[in-house]
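Read the structure below first, then the notes.
Bear in mind that the values here come from a model prediction, so they are computed numbers and not experimental data. Chain A is the first sequence line, chain B the second, and so forth, proteins listed ahead of strands; every chain is numbered from 1.
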Amino acid sequence: MSDDKKLTPRATDFSAWYNEVVLRAQLADYSPVRGCMVIRPDGYGIWERMQRALDDMFKATGHRNAYFPLLIPESYLRKEAEHVEGFAPEAAVVTHGGGKKLDEPLVIRPTSETIIYSMFAKWVQSYRDLPILINQWANVVRWEMRTRLFLRTLEFLWQEGHTAHATHDEAEAETRQMLGVYRTFMEGWIAMPVVTGLKTQSEKFAGALRTYSCEAMMQDNKALQAGTSHNLGQNFAKAFELQFQDEAGEMQFAWNTSWGASTRMIGGLVMTHGDDNGLRVPPKLAPTEVVVVPIWKSDEERSRLLEAAQQLKTTLSSWNGRGDDRIRVHIDAREGIKPGAKYYEWELRGVPLRIELGPRDLAGNSCMTARRDTREKKIFSLDGIAESVAGVLGTIQDDMLKAARDRREANSVREPISYDRFKELMEGEGAFVYAGWNGDPAVEAKVKEETKATIRCIPDEEFRTPGGPTTCMVTGEPAKHQVVWAKAY
RNA sequence: CGGGGCGUAGCUUAGCCCGGUAGAGCGCCUGCUUCGGGAGCAGGAGGUCGGAGGUUCAAAUCCUCUCGCCCCGACCA
């Protein structure tokens, strides 16, 4: 930062830009422990809104919240072979408690499949006990080598849904349903378009039958996996003897699913919408949707404008045209800071709409508004101001999604390309490349080795290029799948 | 863990090569004037120079060790 008022531009150093936005918009700060972060009120406020929206959707699909403990017997993690292989290396282990060495070490949950399905096993006897539809909001710990604010930290916040079903098909339907919930949330709230699809075997969750994911494109054209939904099959049921008696009186292993989305989505929000002036928060997730900046010169004006600002706030926040979802307004009444300085600050912090209220506006029974997404300024009448503001907030929300989707498609490659061209692309600007794949994991590994790019997913029907590639981009053999290649976070 | 960079005021940093009273900008506090896109002036507070040893009359500066952070890589939501 040569000019300490300005951010490092995205084009100069995307990574530096990201860190600066997160820190300066006061979303988070580094903690004394390497790889951990403090989520500050502005960041946590976004998380709370994410939680509320998702939680409502989980409830609407029949799930209930519960809480399982942080500490898990180490032996539990070992019971599912693939699972332990995936998570043991990054597990934090508690070996001492109460000043004594523990008989059995306790793992701090990296995820809760083991403890949850062991408990389900106690609760389920009959097919009549199924399905079990549980969600928990929790923190988890994974000892990552390299960390980044929100995107990968040793501890993070998330929700993990865990369900048990009588049949494979029901579990599969649940897995797909929750993937759909994530997609609805990411597009409708974060205004972050995603490609949904199936993970390849090498990229799937350790212990799952199948993993589906939501893949979003960041402004550096890298993919961010923002939510995953797993069909766990009977793997955990078998490991933890989660059985039930079916209608015929036969003992059956249950079919499980798990699905999670985390504070990582906040990183996705930043990298999807931020610009060189700072953060841009979609209105539906913004803790503050509207900031009012009163403008005055004299003391007389000051008291008049502060009163008018307060009135405006009351008008906006008491308007019930959005039902219980009242407009969230903040008045910036700080003295000794010029209005212009306040504008820059609130732009950095991403508040979707700014209202400037000065003597000239009052005289005309109007106010000046400025959209954060387009920086467009417009005069609004104070008559019917709540409807106008709600209207523009809705427009901002829609426009942000559209802009992000346009950008993603502009940086997606859907026509057939050579592997050489692909390598160039991945070395350069990056992209989502829709290409044929022969289904061979060795090809996947080779591409990853040579380009750092991976198969993000085998996209669901609607995301595929119609009449897409019939041959494998790498080998030229007949393609088994159309896949999305990209470098990922 | 490998490679690179960096630790000096709340933040960004100069000074280090060539040892000699620790400086600046921003921010902060007080006052006055300002106030429709990053205010001006005046005054003021704020530092174990990451830590520990060593060399020296004298160490932010030289030497040794150590701790931490950031970036790139292997691993990952």
(message) Measuring only the C1' atom in each nucleotide, how far is B/C29 from B/A45? A whole number of Å is fine.
(response) 7 Å

(message) Taking the P atom in each of B/G4 and B/C11, what is the distance between them to the nearest angstrom?
(response) 27 Å

(message) By nearest atom, which of the nucleotides B/G37, B/C69, B/C35 is closest to the A/R34 side chain?
(response) B/C69

(request) Give A/T111 one of three labels, base, sugar-phosphate or nothing, depending on what nucleic acid heavy atoms sit under 4.0 Å from its own. (result) nothing

(request) Spell out, as yes or no, whether a donor-acceptor pair under 3.5 Å connects the side chain of A/D361 to the backbone of A/G358. (result) yes

(request) Provide, to the nearest angstrom, the distance between the CG atom belonging to A/L7 and the C1' atom belonging to B/C11. (result) 14 Å

(request) Consider the side chain of A/I295, meaning its heavy atoms from C-beta on, and name the nucleotide among B/A39, B/C72, B/C35 that approaches it most closely. (result) B/C35

(request) Taking atom C1' in both B/U8 and B/G68, compute the distance separating them and give it to the nearest angstrom. (result) 16 Å

(request) Quick one: closest heavy-atom pair of A/R34 and A/E144, and the distance? (result) NH2-O, 3.3 Å

(message) Which nucleotide, if any, forms a Watson-Crick or G-U wobble pair with B/U61, using both distances under 3.5 Å?
(response) none

(message) Please classify the nucleic acid contact of A/L151 as base, sugar-phosphate, or nothing, using heavy-atom distances under 4.0 Å.
(response) base

(message) Say we look at B/C71 and B/C32: how far apart would their C1' atoms be, to the nearest angstrom?
(response) 47 Å

(message) With rounding to the closest Å, how many angstrom separate the P atoms on B/A60 and B/C16?
(response) 14 Å

(request) Both distances under 3.5 Å, Watson-Crick or G-U wobble: report the partner of B/G36, or none. (result) none

(request) When you get a sec, tell me which of B/G36, B/G37, B/C75 is the closest nucleotide to the side chain of A/Y344? (result) B/G37

(request) Write down the distance separating the C1' atoms in B/A22 and B/C49, rounded off to the nearest Å. (result) 8 Å

(request) With the side chain of A/E356 defined as its heavy atoms from C-beta on, choose the nearest nucleotide among B/C75, B/C71, B/G37. (result) B/G37

(message) Mind checking if A/P89 touches a base, just sugar-phosphate, or nothing, with heavy atoms under 4.0 Å?
(response) nothing

(message) Mind checking if A/R334 touches a base, just sugar-phosphate, or nothing, with heavy atoms under 4.0 Å?
(response) nothing

(message) Salt bridge check, A/R375 against A/E347: does any charged N sit closer than 4.0 Å to a carboxylate O?
(response) yes

(request) Please answer whether B/G37 and A/Y343 are stacked, defined here as ring centres separated by less than 5.5 Å and planes angled under 30°. (result) no

(message) Nearest heavy atom decides the nucleotide; on that basis, is A/Y30 or A/G227 closer to the 5' end of RNA chain B?
(response) A/Y30

(request) Counting heavy atoms from C-beta on, name the nucleotide in B/C75, B/C35, B/C71 closest to the side chain of A/K448. (result) B/C75

(request) Compare side-chain N and O positions of A/K338 against OP1 and OP2 of B/U34 and report whether any pair is under 4.0 Å apart. (result) no

(request) Would you tell me if any nitrogen or oxygen in the side chain of A/N277 comes within less than 4.0 Å of OP1 or OP2 on B/G38? (result) no

(request) For A/R354, report the nucleic acid contact type (base, sugar-phosphate, nothing); a contact means any heavy atom under 4.0 Å. (result) base

(request) Determine the interatomic distance between C1' on B/A59 and the same-named atom on B/G53; round to the nearest Å. (result) 13 Å

(request) Among the candidates B/G36, B/A39, B/C75, find the nucleotide nearest to the side-chain atoms of A/E144. (result) B/C75

(message) Please determine whether a side-chain nitrogen or oxygen atom of A/K452 lies at a distance below 4.0 Å from atom OP1 or OP2 of B/A74.
(response) yes

(message) Measuring to OP1 and OP2 of B/C71, would you say a side-chain N or O of A/R146 lies under 4.0 angstrom away?
(response) no

(request) Using the C1' atom on both, measure B/A24 against B/G15 and round to a whole Å. (result) 11 Å

(message) Would the base of B/G37 count as contacting A/E347 through its side chain, where contact means a donor and an acceptor less than 3.5 Å apart?
(response) yes

(request) Report yes or no: is there a donor-acceptor pair, N or O only, under 3.5 Å between the side chain of A/K377 and the base of B/G37? (result) yes

(request) Could you tell me whether A/G358 contacts a base, only the sugar-phosphate backbone, or nothing, with contacts defined as non-hydrogen atoms closer than 4.0 Å? (result) base

(message) Assuming nearest nucleotide by heavy-atom distance, tell me which of A/N19 and A/T153 is located more 5' along RNA chain B.
(response) A/N19

(request) Using the six-membered ring wherever Trp is involved, compare the ring planes of A/F58 and A/Y182 and label them parallel, tilted or perpendicular (cut-offs 30° and 60°). (result) perpendicular

(message) Using a heavy-atom cut-off of 4.0 Å across all strands, would you classify A/M265 as base, sugar-phosphate, or nothing?
(response) nothing

(message) Using every non-hydrogen atom in the two residues, find where A/F205 and A/T211 come nearest and quote the distance to one decimal.
(response) N-OG1, 2.9 Å

(message) Determine whether the aromatic ring centres of residues A/Y212 and A/H230 are separated by less than 6.0 angstrom.
(response) no

(request) Output yes when A/E462 and A/R183 qualify as a salt bridge under the 4.0 Å nitrogen-oxygen rule, no when they do not. (result) yes

